[in-house]
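Since the structure is predicted, the reported quantities are computational estimates derived from the model, not experimental observations. Values below: every heavy atom of this structure, side chains too, minus hydrogens, waters and symmetry copies. We count ligands from 1, going down the list as the structure has it; atoms in each ligand are counted the same way.
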Amino acid sequence: MRYLIAANWKMNKTVSESIDYVEKFREMVKDVEGIDIMIAPSFTALASVSPLLEKTSINLGAQNMFYIERGAYTGEISPIMLNELNVKYVIIGHSERRHIFGEKDDLINKKILAAVEYGLRPILCVGETLEERELGKTMNVVERQIKLGVAGLEREIGLIDIAYEPVWAIGTGVNATVEQAQEVHLFIRNLINDISKGNDSDTRILYGGSVNEKNAGELIKAKNVEGFLVGTASLDPHKFYKIILETLEV
Ligand code: PGA
C-alpha cells in the first residue's frame, strides 16, 4: 500500500498564490517516489493548477463536489467539471462541511457514490467532536459516519480512502496522540474489513488534525495510519514537503 499525503488548502490562496506554490513545490518533490501526494486548492484555482501538475507525481484534488452531473443547483460544482480538469481525488464530508454547512450523512453518501461513479477517488472524512469524545461516543460516531457514508459501496470500499479527523484537533494545534490515533484507526480498519468482507486493502486510513512537520514523524509510525490530510501546515510548501520527508522515512 502506498501512503497518501494530502493537502487541504481550504478557503486559502488566490489563483496566483496557488500557481506560485505549485511552481515551487513541484521542484521540491520531483525526486520523491513510492508515495502518493495530493493537493486540493480552491475551485477557482483548479484550472490553472491542473496543467502545472502534468508530468509530475502530484495529484490534483477538490475539496467538495455535488452529486449531480448538471442542472439548476446554483453555486455547486459537478463531477464532470472536475473530470475535465484531471482532478483525481475529492474530499467529502469534511467536518467543516458537516458543522458549518450542515451536511448530513445521507448527502455525504450521495457524493461518495457519485465520486466513484465518475472515476474520482473520494476521501471520506469522519471524526468526533470534543463533547462526543468526552461522552465516550467516539467509536459510535465514527462507525455511524462510515456505515452511512459508504452505504451501497460496501464491497468496493477499496475505491475510497478514509480520513480520521477528530474535530477537536482540526486547526487547533492540538493533535491526537499516537495512542488516540492508533485506537481509532484500528477500529476503522476492523470495521471496513468487516463491512467489505475483506475488500478493504486498497483503502488508506489517513489521520488529520494539526499534523505538522514536527509531529508527522511520530504519527506516521502509528499502526494503521497510512497517510495524512493536512490543513494549516500544507499552506507552506516547505512545511508540507517536510511532512512528506518524514513519511518517506517510515
Ligand atoms: P489542520 O486541518 O491541519 O489545520 O488541523 C486538517 C483538516 O481539516 O483537514
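- Residues Arg204 and Arg121 meet the side-chain proximity criterion, which asks for heavy atoms closer than 4.5 Å.
- Taking 4.0 Å as the cut-off, Ala169 counts as a neighbour of ligand 1 on heavy-atom distance.
- Glu218 CD: 12 or fewer foreign heavy atoms inside a 6.0 Å radius.
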Taking it one step at a time, do Trp168 and Glu131 satisfy side chain to side chain donor-acceptor pair (under 3.5 Å)? CA-CA 9 Å; Trp168 47 270; Glu131 194 190 350; over 6 Å; no
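- If you number the atoms of ligand 1 from 1 as listed, the ones under 4.0 Å from a heavy atom of Gly231 come out as 1 (P), 2 (O), 3 (O), 4 (O), 6 (C).
- Heavy-atom proximity to His94, at under 4.0 Å, picks out these atoms of ligand 1: 7 (C), 8 (O), 9 (O).
- Each of the following atoms of ligand 1 lies closer than 4.0 Å to a heavy atom of Asn8: 9 (O).
- The nearest protein atom to atom 2 (O) of ligand 1, hydrogens excluded, is given as Lys10 NZ, 3.2 Å; this is a heavy-atom distance.
- Atoms CD1 and CD, on Ile244 and Glu249 in that order, are 13.0 Å from each other to the nearest 0.5 Å.
- Residues Thr56 and Lys30 are not in side-chain contact: their nearest non-hydrogen atoms beyond the backbone lie 4.5 Å or more apart.
- Checked by distance only, ligand 1 and Thr172 stay at 3.5 Å or farther apart across all their nitrogen or oxygen atoms.
- Taking every non-hydrogen atom of Gly209 and a distance limit under 4.0 Å, the qualifying atoms of ligand 1 come out as 5 (O).
- With a 4.0 Å cut-off on non-hydrogen atoms, Thr232 touches ligand 1 through its backbone as well as its side chain.
- Near Glu165, meaning under 4.0 Å from any of its heavy atoms, are these atoms of ligand 1: 6 (C), 7 (C), 8 (O), 9 (O).
- Both Val32 and Leu53 sit in one connected hydrophobic cluster of ILVMFWY residues. Membership requires side-chain heavy atoms under 4.5 Å apart, directly or through other members.
- Those atoms of ligand 1 that come under 4.0 Å of a heavy atom in Gly171, given as number and element, are 1 (P), 4 (O), 5 (O).
- The number of heavy-atom neighbours closer than 6.0 Å to CE of Met11, taken from other residues, nucleotides and ligands shown, is 12 or below.
- Not one N or O of Ile170 is nearer than 3.5 Å to an N or O of ligand 1, by distance alone.
- For the residue pair Glu117 and Tyr67, no side-chain donor N or O sits within less than 3.5 Å of a side-chain acceptor on the partner.
- The closest approach between Ser210 and ligand 1 falls below 4.0 Å for a heavy atom of the residue.
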